[in-house]
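These figures come from a predicted structure and were not determined experimentally.
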Amino acid sequence: MKKKNIKHTQLLVLSLLKGEDMYGYQMILELARRSNQTFEMKEGTLYPVLRGLEKIRLCGSLPARGAHRARAQILPPHP
């Protein structure tokens with residue numbers, strides 16, 4: 001099995017998703033809140049991180065109900 005290299009930004013996102021499924025904008029606000037507004041992740045950073053985590057099957061997205069947004073979630077381990 002190939003070892004996965006996890007980057008700091010991926011760890012931040014996964015730590016948020018560990019607690020609950022979240023929308024991207026919600027993650028940005030929560031990261032800023034937890035850091036007392038000293039860390040600000042931009043959308044241009046967050047969404048590529050989410051796509052990368054989806055690609056290596058560490059997170060996925062839940063379909064939105066009546067909106068164009070989707071919530072991210074941690075995926076269960078796969079064999």
Original post:
For Ile28, what residues pass the side-chain contact (heavy atoms from CB on, under 4.5 Å) criterion, not counting sequence neighbours?
Top reply: Glu43, Leu46

Original post:
Any side-chain heavy atom of Ser61 within less than 4.5 Å of one from Glu54?
Top reply: yes

Original post:
So how far is it from Tyr23 OH to Leu29 CG, rounded to the nearest 0.5 Å?
Top reply: 13.5 Å

Subject >> CD-CG distance between Gln37 and Leu31, expressed to the nearest 0.5 angstrom >> reply: 10.5 Å

**OP:** Applying salt bridge (charged side-chain N to carboxylate O under 4.0 Å, His left out), name anything that partners Arg51, two or more places apart in sequence or on another chain.
**Re:** none

Original post:
Can you list the residues that meet the side-chain contact (heavy atoms from CB on, under 4.5 Å) rule with Lys42, with sequence neighbours excluded?
Top reply: Glu40, Thr45

**OP:** Give me the other members of the hydrophobic cluster that Leu75 sits in, counting Ile, Leu, Val, Met, Phe, Trp and Tyr linked by side-chain heavy atoms under 4.5 Å, directly or via other members.
**Re:** none

Original post:
Pairs in or reaching into residues 29-39: which pass salt bridge (Lys or Arg N to Asp or Glu O under 4.0 Å), with residues at least two apart or in two chains?
Top reply: Glu30-Arg33, Glu30-Arg34

Subject >> Distance-minimising heavy-atom pair for Tyr47 and Tyr25 >> reply: OH-N, 3.7 Å

Acceptor/donor pairs from residues 13-22 side chains to any protein atom, 3.5 angstrom cut, sequence neighbours excluded:
{"from": "Ser15", "atom 1": "OG", "to": "Leu11", "atom 2": "O", "distance (Å)": "3.4"}
{"from": "Ser15", "atom 1": "OG", "to": "Leu12", "atom 2": "O", "distance (Å)": "2.7"}

**OP:** Output the distance between atom CD (Gln73) and atom CG (Leu58), rounded to the nearest 0.5 Å.
**Re:** 12.5 Å

